[in-house]
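Excluded from the calculations below are hydrogen atoms, water molecules and symmetry mates; all remaining heavy atoms, backbone and side chain alike, are included. Ligands are counted one by one from 1 in listed order, and the atoms in each one are counted from 1 as well.
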Amino acid sequence: MRTDNAAYIERDLAHVWHPCTQMKDHEQVPLIPIRRGQGVWLEDFDGKRYLDANSSWWVNLFGHANARINAAVSAQLEQLEQVILAGCTHEPVIRLSEALTGVAPAGLTRCFYADNGSSAVEVAVKMSFHYWRNVGRSAKRRFITLSNSYHGETLGALAVGNVALYKSIYQPLLMDVITVPSPDCYEREPGQTWAQHSRAQFEHMQAALDRHSEQTAAVIVEPLVQCAGGMRMYDPVYLQLLRAACDRHQVHLIADEIAVGFGRTGTLFACEQAGIRPDLLCLSKGLTAGYLPLSAVLTTEALYAAFYDEYTKLTAFLHSHSFTGNPLACAAALACLDIFRTDAVLERNRMLSAHLGARARALAAHPHVAEVRQHGMIVAAELVRNKASREPYPWQERRGLAIYRHALSRGVLLRPVGDVVYFMPPYVITPEEIDLMVEVAREGIELATCD
Ligand code: PMP
């Protein structure tokens, strides 16, 4: 049997329906069959290597085939692969809950598990709604969300997000939410600082809370970076204002740190930069260093207590997923937290993000790059047709796809979001690999905008 790329592509396209893909694209754009991974590198069946510049959809932290995480998962495999988490428990989930509540913002003492990011958002939304019902305030059933936000693909998560490309077709199936303009600093006036813009944008949130707080269960945000919305970024002051306003109005704050958690923005959790504690914190992706599907919703003792009563009061949170708190995934997550604890990861990331920022900022000189922005280990360059007016390219031209294809030919797996080229590499990347990644992006931008 043939084992080259072409053979796998043919077999794949006969049966596999890929996520987030117009499958017809694969008539033109080659699918890449990955044989193995090591560190930041992926290798296909023809032996070509690709630098994983987007951390395999923002999940991988410490490289592929990381020896410590491999060992932890293998050891767990010898003990217990899976068990029902209703009625039973196991050591990895106990230890992980102790560890997570130890590193999360103080006061988040309870962990509820699911198995992917969207499910964590569903859990947080249901928990908030249900809390208010349990405490006798069932009118509080609406959610406030930011424009351009993204919280996942299941119907509840899609409803509280606002990226039209993913959402609008399903609108008839979705609950109605209150959407307020994002603090996104790409939209700031010339001369305005990020903090000034984010603070000014808070007026919209303030107005929504003033008007709707009696009916509102929670506000949900992606702290500091709206990733799927094109790596749009904002200032921590917004989160501080939001925390205070949610407290004043008795509205929960849900922080979706599924993408930005675990060091991406420079601190372990993005909320730390604002010095705030959300009522519900959603984690996934980097939670297992990108090894296995797992998500967690951390919450407070006060919220937990509202569900704690005699069974017959029917206040329990009866949400479940079969693989909730899977022991192998928990073992990977424990190994991941152990690496953070022993390896001074955040300190090294400061050096790496300074290097990445310095290199990527040079892209801003390009006549079709409107802005290069950064929060820690996330750096993005926004392509536009007209730099002065910031007029975007027509989306149908798919300039980002041209960059993706060029980068592949040069051995870098960059996956722009629309016309936003971004870097979100695993933390084991070297400065030399950063240079390669940025240089390939520069070439791709050149090629994609040369007409
Ligand atoms: N929230 C945010 C902020 C995300 O970036 C994502 C995934 N890109 C999700 C939720 C959904 O996570 P998952 O893809 O695991 O369902």
For the salt bridge (Lys or Arg N to Asp or Glu O under 4.0 Å) test, which of R399, R390, R232 pairs with E382? R232
What's the spacing between D247 CG and D279 CG if we round to 0.5 Å? 7.0 Å
Using the ring of each side chain (for Trp, its six-membered ring), is F262 parallel, tilted or perpendicular to F340, with breaks at 30° and 60°? tilted
For Y113 and S97, which I'm curious about, is there any donor-acceptor pair between the side chains at under 3.5 Å? yes
So, regarding G152 and ligand 1 (criterion: nitrogen or oxygen to nitrogen or oxygen, under 3.5 Å), is there a contact or not? no
Taking 4.0 Å as the limit for heavy-atom contacts, which would you say applies to C227 with ligand 1: side chain only, backbone only, both, or neither? neither
W57 near ligand 1, heavy-atom distance under 4.0 Å? no
Nearest non-hydrogen protein atom to atom 6 (C) of ligand 1, with distance, is Y150 CE2, 3.6 Å
Taking only non-hydrogen atoms of E222 and a 4.0 Å limit, the atoms of ligand 1 in range are 3 (C)
For atom 15 (O) of ligand 1, which protein heavy atom lies nearest, and how many Å away is it? G117 N, 2.8 Å
Establish, for the pair R199 and Y238, whether the NZ or CZ atom is under 6.0 angstrom from the six-membered ring centre and no further than 45 degrees off its axis. no
For the residue pair T430 / E433, report whether a side-chain donor-acceptor contact shorter than 3.5 Å exists. yes
Only heavy atoms of A259, strictly under 4.0 Å: list the atoms of ligand 1 that pass. 5 (O)
Below the 3.5 angstrom mark, is there an N/O of D256, backbone or side chain, next to an N/O of ligand 1? yes
Polar contact flag for S118 and ligand 1 (N/O pairs, less than 3.5 Å): yes
R142/D176 salt bridge by N-O under 4.0 Å criterion: yes
Could you tell me whether K285 and ligand 1 have an N or O pair separated by under 3.5 Å? yes
